[in-house]
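This report refers to the structure that appears directly beneath it.
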2 protein chains.
Amino acid sequence: MKNSKNPPDVTAEQKILISAREIFHKKGFEGARMQEIADKAGINKALLHYYYRSKEKLFDAVFAEALKTLIPKVKELLDAELPLFDKIKYFTDNYIKLLMENMYLPVFVIYELFQNPEKILSKFTEKSNFTPSVFIAQIRKSVKNKEIKKTDPRQLFINLMSLCIYPIIAKPLIMKIYDLNEQGFNRFINQRKKEIPEFIINSIKINKNSSSNGKK
Amino acid sequence: MKNSKNPPDVTAEQKILISAREIFHKKGFEGARMQEIADKAGINKALLHYYYRSKEKLFDAVFAEALKTLIPKVKELLDAELPLFDKIKYFTDNYIKLLMENMYLPVFVIYELFQNPEKILSKFTEKSNFTPSVFIAQIRKSVKNKEIKKTDPRQLFINLMSLCIYPIIAKPLIMKIYDLNEQGFNRFINQRKKEIPEFIINSIKINKNSSSNGKK
DNA sequence: TAAATAGTTAACCATTTGGTTAATCTGTTT
DNA sequence: AAACAGATTAACCAAATGGTTAACTATTTA
């Protein structure tokens with residue numbers, strides 16, 4: 001059976017998945033080596049194939065896990081019961097935090113998805129619903145209620161995602177062009193956590209002036 | 001000698017670089033196969049090594065070429081003699097056009113840079129200047145002149161880049177979540193060409209109305 | 001406790017892959 | 001045309017790589 005008895009116990013199968021995750025995230029499907037995964041897991045290479053029949057199967061497991069971590073998290077943040085502006089702040093803060101804690105995840109997902117969109121996405125046909133319908137509806141409603149300017153909800157959502165994700169996947173480039181070290185980069189990203197919501201809200205908010213002195 | 005005489009003449013060396021570019025851009029360093037590059041170039045694999053000694057050297061040539069296409073182009077767009085708002089429109093339009101014409105470029109650059117930042121960037125030490133100094137200065141000046149709100153130029157530049165690049169590298173994801181086909185995606189991107197400048201300008205422009213509104 | 005089952009390994013295998021060699025071809029120079 | 005230099009190729013090679021086999025070792029189970 002899979003479970004032995006010793007308390008600090010991690011199954012071989014778990015160790016494999018953990019190691020595979022790390023290697024695949026860092027090096028991608030093509031760059032990853034089964035031997036390296038086995039070594040990192042502290043087991044024999046044959047055992048990889050005992051649990052996961054092939055490199056592809058193992059990769060699929062890792063990728064599915066990645067998407068199933070990411071998508072529900074995004075959904076959860078976007079579905080929070082908050083007014084639009086608060087939600088934008090809330091999302092930015094927590095999403096960037098999540099990405100920073102999983103530095104390799106975004107590039108990994110984007111790259112592999114780009115390599116093989118149909119093959120990968122076909123496995124996620126109906127499973128998790130990718131569409132951020134609640135958020136989209138909320139934007140649409142805010143427009144209708146004249147709380148924000150006329151805005152295409154689809155574009156706004158992509159704007160939000162862009163502003164959060166891009167700086168992280170472009171980390172090496174940003175460190176280069178702004179001459180930052182690791183610490184400087186972290187500061188830059190933390191600054192962004194405030195900057196992004198302000199930037200977005202400034203753009204979509206309606207300037208209520210003239211008549212009543214619309215305090216913020 | 002390298003040059004023959006026939007008019008429709010492309011050197012083997014050129015054919016190699018062209019094929020290598022295509023393959024590396026699409027499949028990345030690890031995914032690319034020397035044999036495939038040779039086949040696509042219509043030459044023998046040994047000839048690859050005759051001109052470029054190794055896979056790495058060939059890759060370096062391709063990557064350098066990519067950066068040397070991209071960076072000066074970005075610089076050129078950012079250095080145009082235009083008022084800030086016009087420049088933002090001008091940049092968005094032309095940069096997105098450039099990226100759409102080279103769909104694989106952004107993911108390629110980002111991915112390989114993420115795989116091996118120091119190794120790759122060390123080769124571009126002083127060569128091309130990565131920093132968009134003219135644009136940064138222009139923003140700073142616009143702030144000083146009260147033409148736009150108080151804005152961190154570094155953040156604004158990254159905002160602009162994010163909004164242009166991300167939608168393109170996330171193409172498969174966007175097609176999935178919005179249920180678009182190729183044509184629908186192109187429409188979405190074209191819509192963005194208008195959307196992005198509006199979005200940015202709305203955010204940073206100063207609302208000049210009635211009483212002075214010096215708010216940050 | 002003995003048979004059966006699950007977990008684990010060392011050794012092995014076939015294929016792929018980047019790279020090399022030595023020979024051949026092609027055009028130029030003398 | 002003979003010599004020469006660069007261009008091009010077929011054949012080859014060693015290392016790496018994903019995957020398999022057969023044996024060995026717990027762990028369940030009857």
Side-chain angles (χ1 to χ4, degrees), chain A residues 1-64 108 112 115-116 119-120, chain B residues 1-64 108 112 115-116 119-120:
Chain A
M1 297 252 161
K2 272 164 202 172
N3 280 341
S4 345
K5 59 288 117 196
N6 352 33
D9 184 34
V10 188
T11 4
E13 195 175 358
Q14 286 173 307
K15 282 193 287 186
I16 291 173
L17 196 62
I18 291 169
S19 309
R21 182 194 307 146
E22 191 174 332
I23 303 283
F24 276 130
H25 283 195
K26 271 192 198 158
K27 314 206 168 174
F29 178 78
E30 291 288 353
R33 297 287 166 254
M34 294 297 266
Q35 187 59 60
E36 198 182 353
I37 294 172
D39 290 348
K40 174 146 286 181
I43 50 135
N44 190 286
K45 184 163 62 99
L47 205 56
L48 291 186
H49 291 87
Y50 177 77
Y51 285 110
Y52 304 84
R53 285 183 19 198
S54 67
K55 189 184 183 184
E56 259 177 61
K57 292 264 172 55
L58 181 52
F59 174 84
D60 287 349
V62 168
F63 195 90
F108 169 70
E112 300 297 342
Q115 290 299 310
N116 232 324
K119 185 203 144 202
I120 289 186
Chain B
M1 303 244 162
K2 271 166 200 169
N3 279 339
S4 347
K5 60 288 114 199
N6 354 33
D9 184 34
V10 188
T11 2
E13 196 175 358
Q14 287 173 305
K15 282 193 286 185
I16 291 172
L17 196 61
I18 292 169
S19 309
R21 183 193 308 148
E22 192 175 330
I23 305 282
F24 276 130
H25 282 195
K26 271 191 198 156
K27 314 206 168 174
F29 178 79
E30 291 288 353
R33 297 287 166 256
M34 294 298 265
Q35 187 59 59
E36 197 182 354
I37 294 172
D39 290 349
K40 173 147 285 181
I43 50 135
N44 189 285
K45 184 164 62 102
L47 206 55
L48 292 186
H49 291 87
Y50 178 75
Y51 285 109
Y52 304 83
R53 287 182 19 198
S54 66
K55 189 184 184 185
E56 258 177 60
K57 292 265 173 51
L58 182 52
F59 174 83
D60 287 348
V62 168
F63 196 89
F108 169 69
E112 300 296 343
Q115 290 298 309
N116 232 323
K119 184 203 144 201
I120 290 186

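In what follows, chains carry the letters A, B, and so on, assigned in the order in which the sequence lines appear, proteins first and then strands, with residues in each chain numbered from 1. Everything numeric here is computed off the predicted structure, so don't read it as measured data. Note that these values count all heavy atoms, side chains included, but never hydrogens, waters or copies made by symmetry.
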Can you find an N or O donor on one side and an acceptor on the other, under 3.5 Å apart, linking the side chain of A:K45 with the base of D:dG19? yes
Nucleotide nearest [X] (side chain, heavy atoms from C-beta), chosen from [options]:
X: B:I43; options: D:dG18, D:dT9, C:dA10; answer: D:dT9
X: A:L47; options: D:dT8, C:dG7, C:dG18; answer: C:dG7
X: B:A46; options: C:dA10, D:dA10, C:dG19; answer: D:dA10

Could you tell me the separation between the [atom1] atom of [X] and the [atom2] atom of [N], rounded to a whole number of Å?
X: B:L48; N: C:dG19; atom1: CG; atom2: P; result: 10 Å
X: A:K27; N: D:dG18; atom1: NZ; atom2: P; result: 12 Å
X: A:K57; N: D:dG19; atom1: NZ; atom2: P; result: 10 Å
X: B:N44; N: C:dA23; atom1: CG; atom2: P; result: 16 Å
X: B:I37; N: C:dT17; atom1: CD1; atom2: C1'; result: 12 Å
X: A:Q35; N: C:dT9; atom1: CD; atom2: C1'; result: 12 Å
X: B:E56; N: C:dT17; atom1: CD; atom2: C1'; result: 14 Å
X: A:K55; N: D:dT17; atom1: NZ; atom2: P; result: 9 Å

State, without any angle test, whether B:D39 and B:Q35 hold a side-chain donor-acceptor pair at a distance under 3.5 Å. yes
Counting the atoms with a prime plus P, OP1 and OP2 as sugar-phosphate, which does B:A32 contact under 4.0 Å by heavy atoms, base, sugar-phosphate, or nothing? sugar-phosphate
B:I37 and B:I16: which non-hydrogen atoms are nearest, and at how many Å? CG2-O, 4.2 Å
Please check the phosphate of [N] (OP1 and OP2 only) for any side-chain N or O of [X] closer than 4.0 Å.
X: A:R33; N: D:dA16; result: no
X: B:H49; N: C:dT20; result: no
X: A:Y50; N: D:dT20; result: no

Would you check if A:E13 and A:I43 make a side-chain contact, meaning some heavy-atom pair closer than 4.5 Å? no
Nearest 0.5 angstrom please: B:K15 NZ to B:L17 CG, how far? 13.5 Å
Do NZ/NE/NH1/NH2 and the carboxylate oxygens of A:E22 and A:K26 come within less than 4.0 Å? yes
